[in-house]
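None of these values were measured; they are calculated from a predicted model. If you read the sequence from its start, that first residue is 1, and numbering goes on from there.
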Amino acid sequence: FLIFRVQGSSMEPMYKSGQLVLCMRSKAFRVNDVVAIQTKDFGKVLKRVTDISLDGIHVASDNKTYPSPVNSMIHSVKSILGRVIFKISF
């Protein structure tokens with residue numbers, strides 16, 4: 001398992017800055033799952049899976065008003081750290 005603190009507003013309203021999320025290390029995920037991704041330029045990010053293809057994983061922010069360059073990238077399965085299974089609000 002992995003624990004991350006949410007930073008920023010890209011995944012609002014479901015995930016708010018300051019919350020903790022518990023991720024299960026797994027390469028088994030589906031469209032609409034929220035996953036933690038390790039990116040080269042932006043570090044670890046939380047995004048929602050929108051498509052899984054032979055090219056890779058496509059993701060989106062829940063907050064449609066938040067422009068995130070991560071959403072236009074195609075991510076490899078290797079870059080997925082885990083699937084969010086629980087969140088804790090403070």
Side-chain angles (χ1 to χ4, degrees):
F1 293 97
L2 301 165
I3 297 174
F4 298 105
R5 182 173 303 277
V6 176
Q7 295 180 345
S9 60
S10 73
M11 292 301 288
E12 287 183 356
M14 206 53 191
Y15 299 90
K16 294 179 173 57
S17 194
Q19 288 179 319
L20 294 178
V21 293
L22 178 65
C23 296
M24 182 170 56
R25 287 184 190 259
S26 174
K27 302 300 180 188
F29 49 86
R30 301 181 296 226
V31 169
N32 211 34
D33 283 347
V34 174
V35 294
I37 306 168
Q38 179 66 54
T39 67
K40 179 182 172 198
D41 296 329
F42 303 100
K44 295 174 183 78
V45 297
L46 289 183
K47 296 295 175 191
R48 189 170 301 278
V49 176
T50 57
D51 186 51
I52 302 168
S53 68
L54 294 176
D55 293 337
I57 313 303
H58 300 259
V59 297
S61 301
D62 281 359
N63 182 349
K64 301 304 179 203
T65 64
Y66 187 93
S68 176
V70 174
N71 297 344
S72 61
M73 299 174 180
I74 299 173
H75 305 277
S76 70
V77 172
K78 290 180 187 177
S79 70
I80 306 297
L81 300 173
R83 179 174 50 88
V84 174
I85 58 171
F86 190 75
K87 67 179 176 179
I88 300 170
S89 299
F90 292 96

*Asks:* Using 0.5 Å steps for rounding, measure from the NZ atom of K40 to the OG atom of S79.
*Replies:*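 Spacing of NZ (K40) from OG (S79) equals 13.5 Å.
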*Asks:* Would you give the length of the straight line joining atom CD1 of I52 to atom CG of D33, rounded to the nearest 0.5 angstrom?
*Replies:*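 Answer for the CD1-CG pair, I52 versus D33, is 7.5 Å.
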*Asks:* Is the shortest side-chain heavy-atom distance between R48 and N32 below 4.5 Å?
*Replies:*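 Side chain of R48 against side chain of N32, heavy atoms only: contact under 4.5 Å found.
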*Asks:* When rounded to the nearest 0.5 angstrom, what is the spacing between OG in S68 and CG in N63?
*Replies:*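 So the OG of S68 and the CG of N63 are separated by 10.5 Å.
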*Asks:* Please say yes or no: joined through hydrophobic side-chain contacts below 4.5 Å, possibly via intermediate residues, are M73 and V59 part of one cluster?
*Replies:*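 As far as the 4.5 Å side-chain criterion goes, V59 and M73 are connected within one cluster.
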*Asks:* Can a donor-acceptor pair be found, under 3.5 Å and without considering hydrogens, that links the side chain of R5 to the backbone of G18?
*Replies:*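 Answer holds: yes.
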*Asks:* To the nearest 0.5 Å, what is the distance between CG on L54 and CD1 on I74?
*Replies:*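 One finds 11.5 Å between CG of L54 and CD1 of I74.
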*Asks:* Using a 4.5 Å cut-off on heavy atoms from C-beta on, say whether the side chain of K87 contacts that of K16.
*Replies:*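 The answer is no; the side chains never approach within 4.5 Å.
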*Asks:* For residues K47 and S61, determine if any side-chain heavy atom of one lies less than 4.5 Å from a side-chain heavy atom of the other.
*Replies:*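 Yes, their side chains come closer than 4.5 Å.
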*Asks:* Minimum heavy-atom separation for G8 and S17, please, with both atom names.
*Replies:*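 It is N-OG, 3.3 Å.
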*Asks:* Is a donor from one side chain sitting under 3.5 angstrom from an acceptor on the other, for Q19 and S89?
*Replies:*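 Side chains of Q19 and S89: pair found under 3.5 Å.
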*Asks:* Could you check whether T39 and D41, counting side-chain N and O atoms only, form a donor-acceptor pair closer than 3.5 Å?
*Replies:*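 Per modelled atom types, D41 and T39 side chains form no pair under 3.5 Å.
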*Asks:* Is there a chain of hydrophobic side chains (I, L, V, M, F, W, Y, each step under 4.5 Å between heavy atoms) that links I37 to F42?
*Replies:*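 Same cluster: I37 reaches F42 through Ile, Leu, Val, Met, Phe, Trp or Tyr contacts under 4.5 Å.
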*Asks:* Can you confirm whether Q7 is buried at CD, in the sense that more than 12 heavy atoms of other residues, nucleotides or ligands lie under 6.0 Å from that atom?
*Replies:*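 Open: at most 12 neighbouring heavy atoms sit under 6.0 Å from CD of Q7.
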*Asks:* What closest approach, in Å, do H75 and V70 show between heavy atoms, and which atom pair accounts for it?
*Replies:*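 Heavy atoms of H75 and V70 come nearest at NE2-O, 3.1 Å.
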*Asks:* Ignoring hydrogens, what is the shortest heavy-atom contact between T50 and A60? Give both atom names and the distance.
*Replies:*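 Where T50 meets A60 most closely, the heavy atoms are CG2-CB, 3.5 Å.
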*Asks:* Apply the test side chain to side chain contact (heavy atoms under 4.5 Å, CB included) to residues V35 and L81: give CA-CA distance (whole Å), side-chain angles for both, the deciding distance (0.1 Å), then the verdict.
*Replies:* CA-CA 7 Å; V35 294; L81 300 173; over 6 Å; no
*Asks:* What distance do F1 atom CZ and I85 atom CD1 have between them, rounded to the nearest 0.5 Å?
*Replies:*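 These two atoms lie 4.5 Å from each other.
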*Asks:* With the 4.5 Å side-chain cut-off for hydrophobic clustering, are F86 and V84 part of the same group?
*Replies:*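 No.
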*Asks:* R83 versus V49: any side-chain heavy-atom pair under 4.5 Å?
*Replies:*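 Answer no - side chains too far apart.
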*Asks:* Would you say NZ of K64 has more than 12 non-hydrogen atoms from neighbouring residues, nucleotides or ligands within 6.0 angstrom?
*Replies:*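 Yes.
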*Asks:* Do F4 and V45 sit in the same hydrophobic cluster, where Ile, Leu, Val, Met, Phe, Trp and Tyr count as joined when their side-chain heavy atoms come under 4.5 Å apart?
*Replies:*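 No; V45 is not reachable from F4 via cluster members.
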*Asks:* Can you measure from NZ (K27) to OG (S76) and round to the nearest 0.5 angstrom?
*Replies:*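 K27 NZ to S76 OG: 7.5 Å, rounded to 0.5 Å.
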*Asks:* Quick check on the hydrophobic clustering: are V6 and L20 connected, directly or via other members, by side-chain heavy-atom contacts under 4.5 Å?
*Replies:*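 Unlinked, V6 and L20 end up in two clusters.
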